[in-house]
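Just follow the structure's listing: the first ligand is 1, and inside any ligand the first atom is 1. Heavy atoms only: backbone and side chains are in, while hydrogens, waters and symmetry mates are out.
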Amino acid sequence: MSWEPDRLDDQKLLTDGDPSGMLRAVAASAAQVRTSHRAAREADLSSLDREGRPRTIVVAGMGGSGIAGDILNAVCGHGAPLPIVTVRSYRLPGWVGATDMVIAVSCSGRTEETLAVAMEAVRRGCRLLALGAPDSPLQAIARQAGAPFVPVTTGGQPRAAVWALSIPLVVIAAELGLVQADDEAFESTAKRLEDIAHRCRPASESFINPGKSLAMEMAETVPMIWGSSPLAAVAAYRWACQLNENGKYPAVWGEIPEVNHNQVVAFDGPLATRDIFADESGRSLRLFVLRDVEEHPQVARRREVSVRMAEDRGVPVTQIAAEGLHPLERLATLVELGDYASTYLALGYGVDPTPVSAITELKARISP
Ligand SMILES: O=P(O)(O)OC[C@H]1O[C@@H](O)[C@@H](O)[C@@H](O)[C@@H]1O
């Protein structure tokens, strides 16, 4: 597989590029925010209000669904009056009990880890809420337990349904008074996503298209993606996952300050100094810094110094700033750029972004 930037030419993309429509799916993010906001508001979640605030919220999900828990936590932010924990495995932590709310999220409604956690939540008498495909095993668990179920019917890959899966959680958090999110916050998020989709559309050329130019910067490098706040770190994680699944590509992610205690040392390592898999600057490591407006002052200093240290050593750096005021808006702008960049990266390599055959094979090989 070779990187051919010509594959990102408008005409190529229109003829044989993007065979499974991942670009179209990314472009539909704004519509997904609007539709899922409306659906979540219309869904009967009154039992949540009746039962009041839980002690904690545990979101269970894997991959593109599990990140809904991180998004919820980031949007509620530092001031959240209760802990919001994401569980990406088969079991609930021992401390989870009847006063906690477990939200099981699975686009297909069939992911075995998520189903196992949902059933454990029922056994422990937790307040359960589930989101996913209608007529799925997850809905059956919710129905049997008399728990509310929010149907998600986007079709396609779970990672392409990220907003359909996470917006209802933000609506619920707003109902529980965990975050201020009025209609305006959702609409301004949708508008930002529309704006990015316009800038990143296939017809827009690389030098004015941030999705294409980011893909060009990533190609033939090992991208190291750092977030400058907990919110930006969720976006960094999403970028890495999207590079993995869309691009079939490796990526390293982390959050400042933690990365200053480990990953920064890679600036002096073999990939930073040797030309084994290199971009035009002769370096295979490349740093992407996702910046948030809400940075701890010490984190801002660490970011500036980290960038300078990378550049002093010839490691190329790209910085991307979140746009908007509301945390949902800021997170969405960072996520959307990564969604486009990873899709264009795949297309530039002649790879179909949509299928994830290694995951399918793995599931088949572990099935009894
Ligand atoms: O959202 P569900 O259907 O539970 O899938 C969760 C994850 O499952 C994996 O096997 C892949 O398909 C991922 O792309 C997906 O994000």
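The immediate protein surroundings of ligand 1, defined as residues with any heavy atom under 4.0 Å of it, consist of M62, G63, G64, S65, S106, C107, S108, T111, P158, E245, I359, K363.
With sequence neighbours excluded, no residue forms a ring pair (Phe, Tyr, Trp, His ring centres under 6.0 Å) with W239. Residues passing the salt bridge (charged side-chain N to carboxylate O under 4.0 Å, His left out) test with E361 are R365, sequence neighbours excluded.
Each ring pair (Phe, Tyr, Trp, His ring centres under 6.0 Å) pair with one or both residues in residues 151-209, not counting sequence neighbours, appears once here: H37-F186.
A donor-acceptor pair shorter than 3.5 Å cannot be found between the side chains of N73 and T86.
A centroid separation of less than 6.0 Å is found between the aromatic rings of W226 and F267.
Taking each heavy atom of A236 and G254 in turn, the nearest pair found is CB-O, 4.1 Å.
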